[in-house]
Amino acid sequence: RRKTGVGMSSIEEIYPISRADLDLVRAFPKGFLWGAATASYQIEGAIKEDGRGPSIWDEFSATPGKVFQGHTGEVATDHYHRVPEDIVLMKELGLSAYRFSIAWPRVLPQGRGAINAAGLDFYERLVDELLAHGIAPFVTLYHWDLPLSLHKVGGWTNRDTAYAFADYADIVTKRLGDRVANWITLNEPWCSAYLGYGCGIHAPGIQDRQAAFVAGHHLLLAHGLALPRMRANIKSVAQVGLSLNFTPTYASDEREETKRDTELTDLFVNQWFISPIAHGRYPEGLFEALEVTPPPMQDGDLELIGAPIDFLGVNNYTRDVIRGGTIPARPDESVKVGPVPGACYTEMGWEIHPQSFNELLLRLYHEYGMQALYITENGAAFKDTWNGDGVVHDPRRIAYIQEYLQAAAEAVEQGVPLRGYFTWSLLDNFEWAEGYSKRFGIVYVDYQTQRRIIKDSGHWYKALLSAHRDAS
Ligand SMILES: OC[C@@H]1[C@@H](O)[C@H](O)[C@@H](O)c2[nH]c(CCc3ccccc3)c[n+]21
């Protein structure tokens with residue numbers, strides 16, 4: 001469309017959104033938080049700077065064969081040296097909140113003991129800069145970068161690590177509890193436990209199902225031990241939660257064995273962590289289905305773990321369609337079918353299925369009684385290409401977010417207490433075992449120059465957030 005006048009933005013720049021998008025944002029209440037999410041190891045770089053200690057991901061990504069083409073988080077998006085410009089970018093996008101994680105090894109290089117002042121100072125400056133720009137910090141305390149020294153004495157399979165985490169949470173909330181009102185203890189303990197200790201595709205790369213359940217229990221215990229310590233240091237209006245990943249499971253046919261395998265997979269993928277958090281107990285049949293023995297627990301553990309949280313962070317991207325075998329498949333080896341006729345997939349091979357997102361939100365509200373939910377991660381990787389100027393066309397990411405927000409809007413209309421949405425991710429970044437080969441950002445990163453280029457989805461998101469502000 002033509003320019004609207006000299007020096008003015010074009011209509012398209014102001015409103016690259018549709019009439020349907022305008023109706024979409026009206027479904028979300030006034031005060032609904034719109035954000036983007038990142039994580040320390042995926043964006044910071046500077047892994048040896050200012051006293052940061054090594055993490056299990058430093059060691060794992062440097063181990064040949066573990067990460068795509070040997071990529072590491074050594075530089076990542078160099079965010080450690082680019083905080084002011086990246087916050088200007090968040091402001092430009094109109095974010096009302098920003099979810100990021102604190103690297104435990106920056107604060108406590110040995111995981112416990114001596115505090116690295118430069119590490120805490122970095123996060124204090126980051127928080128103050130966000131607040132100065134009117135952006136609410138959502139701080140994740142643990143997004144997988146465990147201090148290597150704790151791994152050397154068992155990592156999450158060692159119960160002491162849970163106590164070390166509570167001490168770390170105490171230190172951070174003592175310093176930032178007066179300014180940060182939204183805290184997430186753990187990001188996706190399922191991934192830390194199962195991908196790290198069960199199948200070993202993530203750090204520390206251990207393949208031992210029994211260890212995965214012991215680690216899972218200590219991660220939950222870490223959350224439970226940290227809660228009261230954090231509450232003592234933060235303001236009464238502040239809120240604490242954790243982010244869990246969910247992949248809704250669907251039966252591919254009506255056979256009994258398919259229904260059985262689908263239910264067992266749901267136990268393993270979706271109920272393992274939310275059940276102790278919401279109901280103070282592990283889901284019935286979980287350990288038997290995985291052929292593991294219950295992890296060692298002490299009296300009081302499940303009460304600590306099941307203590308009330310102020311919100312649940314929901315990370316969802318896709319669903320799994322399951323086909324049953326004649327004998328029960330162990331749920332970590334259940335048969336996932338694909339491609340589903342007529343379905344669309346992202347670069348991760350994840351089916352785009354907003355309906356399952358809607359059903360997940362309803363389930364978390366009705367079955368687990370969550371009184372407040374934030375979508376702390378949702379987004380998509382597509383083959384984004386940049387032609388060297390200021391433009392990156394990513395129509396499929398816009399469509400993905402539109403469809404998932406539509407599903408979220410329906411959940412809000414159905415009474416789900418959804419308080420905010422963080423798209424994954426603000427920036428293209430280090431995508432764990434996939435390295436830099438997968439781009440999730442609404443902002444493109446040219447890793448040769450570290451230049452940031454707002455993608456079409458970023459311009460669209462900005463217009464959507466602006467329309468929501470106008471409509472509220
Ligand atoms: O893969 C995209 C993002 C990661 O970059 C985040 O660090 C992490 O929190 C995160 N979790 C998920 C979903 C969890 C999942 C694990 C395994 C298989 C499918 C989904 C997707 N993501």
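Atoms within a ligand are numbered from 1 in the order they appear, just like the ligands themselves. It should be emphasised that the depicted structure is a prediction, and the values quoted were computed from it without experimental measurement.
Salt bridge Glu347/Arg439: absent, no basic N to carboxylate O contact under 4.0 Å. Lys152 has a carboxylate O that lies under 4.0 Å from a charged side-chain N of Glu59, or vice versa, which qualifies the two as a salt bridge. Using a 4.0 Å cut-off between charged side-chain N and carboxylate O, Asp58 and Lys48 make no salt bridge.
A cation-pi arrangement is found for Arg319 relative to Tyr250, the charged atom lying closer than 6.0 Å to the ring centre and inside a 45° cone about the ring normal.
Below 30°, between 30° and 60°, or above 60°: for His202 and Trp432 the angle between ring planes is between 30° and 60°, a tilted geometry. Between His468 and Phe28, the two ring planes are perpendicular [angle over 60°; tilted spans 30° to 60°]. By the 30° and 60° cut-offs, the orientation of the rings of Phe165 relative to Tyr142 is perpendicular. Between Trp272 and Trp190, the angle of the ring planes goes over 60°, which puts this pair in the perpendicular group of the 30/60° scheme.
Looking at Asn187 next to ligand 1, an N or O pair under 3.5 Å apart turns up. Residue contacts with ligand 1: Trp424 is placed with a nitrogen or oxygen under 3.5 Å of a nitrogen or oxygen of the ligand (distance criterion only). For Trp432, a nitrogen or oxygen atom sits less than 3.5 Å from a nitrogen or oxygen atom of ligand 1, counting backbone and side chain alike. Where the criterion is an N or O separation shorter than 3.5 Å, residue side chain and backbone included, Asn429 fails it with respect to ligand 1. Not a single N or O atom of Trp144, backbone or side chain, sits closer than 3.5 Å to an N or O atom of ligand 1.
When only non-hydrogen protein atoms are considered, atom 9 (O) of ligand 1 lies nearest to Glu377 OE2, 2.7 Å. Given atom 5 (O) of ligand 1, the protein heavy atom at minimum distance is Glu431 OE1, 2.7 Å. The closest protein non-hydrogen atom to atom 17 (C) of ligand 1 is Leu195 CD1, 4.1 Å. Annotation: atom 19 (C) of ligand 1 to nearest protein heavy atom, Trp350 CZ2, 3.6 Å. The protein heavy atom nearest to atom 21 (C) of ligand 1 is Tyr317 CE1, 3.1 Å.
Between Thr346 and Tyr317 there is no side-chain heavy-atom pair separated by less than 4.5 Å. Using a 4.5 Å heavy-atom threshold, the side chains of Tyr400 and Asn378 count as touching.
Between Cys191 and ligand 1 there is a heavy-atom distance shorter than 4.0 Å. Residue contacts with ligand 1 do not include Lys438, since none of its heavy atoms lies under 4.0 Å from the ligand.
Counting the atoms of ligand 1 from 1 in the order shown, those under 4.0 Å from a heavy atom of His143 are 6 (C), 7 (O), 8 (C), 9 (O). Which parts of ligand 1 touch Phe440 is read off a 4.0 Å heavy-atom cut-off, strictly below it: atoms 1 (O), 2 (C). Below 4.0 Å from some heavy atom of Glu188 lie the following atoms of ligand 1, by number and element: 8 (C), 9 (O), 10 (C), 11 (N), 12 (C), 13 (C), 14 (C).
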